[in-house]
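Down below is the structure, laid out as structure tokens.
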Amino acid sequence: LVFLALVIVMPRNPKFAYDYKKGKPWKYETLFAKFDFPIYKTDDQIREERGSSAPDYIPYYKYSDDIVNRSLKSAEGLNLGPLRTAVVADLRDIYDRGVMSDEGVKDSKGDVICIQRDKKAIRHPVTDVYKQADAKAKLLADITALTNANVDSIFRVTGIYDLVVPNVIFDQQTTNLVHSESNSNISPTSGYVTAGQLIVSNG
């Protein structure tokens, strides 16, 4: 008897009490919301929003002062004669802008990267940063303009080209973290219906 009473009073799964097809007129009474409820986006809508935010996906890089200091110290110890001061100064300027690998920007759908330096993350156009080959060409051109000597030969003999290495390093962990947080900020709902709000009118 107790079991029968429990079965009677237990709530049953609610069912939609109307026979309705999308695109057809509403043939029932005007319908108002009986309680508050959110309007959830479809999976396709959420995927589309995540896809539309892809151009804002910005790769993060770390600026390495250690690499810069080691390269400059090594350059100061090379036998470059009267060119040494100019080479070190030019190399410092090149590193200040940043040097990345010749592979270029990883996973970027735009033309901006974020460089973390001195505990700050600042956006930079990709064109502001040298690729490794371009940095070597820049150093060669700048020093060649100062002398009649065969600078390329001097650089090869002294090994100065080997000191021009990437000091702006791709940070996969930070990039993934920022991208994940960006996706998690996409709301799963597109609105909210409050109790008493008109949902659909007859006809």
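No experiment lies behind these values; they were computed from the predicted model shown.
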Query raised in the report: What side chain to side chain donor-acceptor pair (under 3.5 Å) pairs are there with at least one residue in residues 68-89, not counting sequence neighbours?
Result: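 For residues 68-89: S71-Y95.
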Identify the heavy atoms of [X] and [Y] that sit nearest to each other, and give their distance.
| X | Y | result |
| --- | --- | --- |
| I169 | P166 | CD1-O, 3.6 Å |
| V99 | A135 | CG2-CB, 3.9 Å |
| V164 | Q132 | O-NE2, 2.9 Å |
| A149 | I154 | CB-CD1, 4.0 Å |
| A133 | D102 | N-OD1, 2.8 Å |
| I58 | T175 | O-CG2, 4.2 Å |

**Report entry** Connected via hydrophobic side-chain network under 4.5 Å: I199 and Y18
**Finding:**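 Linked within one cluster.
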Query raised in the report: Is it true that a side-chain atom of Y20 and a backbone atom of P25 form a donor plus acceptor pair closer than 3.5 Å?
Result: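 No.
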Can you tell me how far the [atom1] atom of [X] sits from the [atom2] atom of [Y], to the nearest 0.5 Å?
| X | Y | atom1 | atom2 | answer |
| --- | --- | --- | --- | --- |
| L83 | T147 | CG | OG1 | 5.5 Å |
| C114 | H124 | SG | NE2 | 7.5 Å |
| L140 | D90 | CG | CG | 10.5 Å |
| R123 | D128 | CZ | CG | 14.5 Å |
| L91 | D96 | CG | CG | 11.5 Å |
| I122 | I113 | CD1 | CD1 | 12.0 Å |

Report task. Sort out for me which residue in Y61, Y60, Y63 forms a ring pair (Phe, Tyr, Trp, His ring centres under 6.0 Å) with F170. Result ->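 It is Y61; the other options fail the test.
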Report task. Run the numbers on I143 and L146 for side chain to side chain contact (heavy atoms under 4.5 Å, CB included), then give the verdict. Result -> CA-CA 5 Å; I143 303 306; L146 302 177; 4.3 Å; yes
Can you name the residues that form a side-chain contact (heavy atoms from CB on, under 4.5 Å) with [X], not counting sequence neighbours?
| X | value |
| --- | --- |
| V200 | W26, L31 |
| P82 | none |
| S201 | T30, L198 |
| D93 | none |

Considering residues at least two apart in sequence or located in another chain, which fulfil the salt bridge (charged side-chain N to carboxylate O under 4.0 Å, His left out) criterion with [X]?
| X | result |
| --- | --- |
| D65 | none |
| K138 | D142 |
| R97 | none |
| D152 | R156 |

Query raised in the report: V87 and I160: side chain to side chain contact (heavy atoms under 4.5 Å, CB included), yes or no, with the steps?
Result: CA-CA 9 Å; V87 168; I160 192 70; 3.8 Å; yes
Query - Any residue meeting side chain to side chain donor-acceptor pair (under 3.5 Å) with Q173, in chain and number order, not counting sequence neighbours - result: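 Testing Q173 for side chain to side chain donor-acceptor pair (under 3.5 Å), a comparison that skips the adjacent residues, returns none.
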Query raised in the report: After noting the C-alpha distance and the side-chain angles of I94 and Y130, does the key distance pass the side chain to side chain contact (heavy atoms under 4.5 Å, CB included) rule?
Result: CA-CA 8 Å; I94 289 171; Y130 292 108; 3.7 Å; yes
Query raised in the report: D66 versus N167: any side-chain heavy-atom pair under 4.5 Å?
Result: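 With C-beta onward as the side chain, the pair stays apart.
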Requested in this report: Would you list the pairs meeting salt bridge (Lys or Arg N to Asp or Glu O under 4.0 Å) in which at least one residue belongs to residues 158-177, sequence neighbours left out?
Outcome: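 Counting only pairs at least two positions apart or across chains, the salt bridge (Lys or Arg N to Asp or Glu O under 4.0 Å) contacts touching residues 158-177 are K62-D171.
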Requested in this report: Please report the C-alpha distance between L139 and V151 in whole Å, then the side-chain angles of each, then the deciding distance to 0.1 Å, and finally whether the side chain to side chain contact (heavy atoms under 4.5 Å, CB included) criterion is met.
Outcome: CA-CA 10 Å; L139 181 64; V151 177; over 6 Å; no
**Report entry** Pairs where residues 141-160 contributes a residue and the test ring-ring contact (aromatic ring centres under 6.0 Å, His included) is met, not counting sequence neighbours
**Finding:**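 Output for this query lists F155-Y161.
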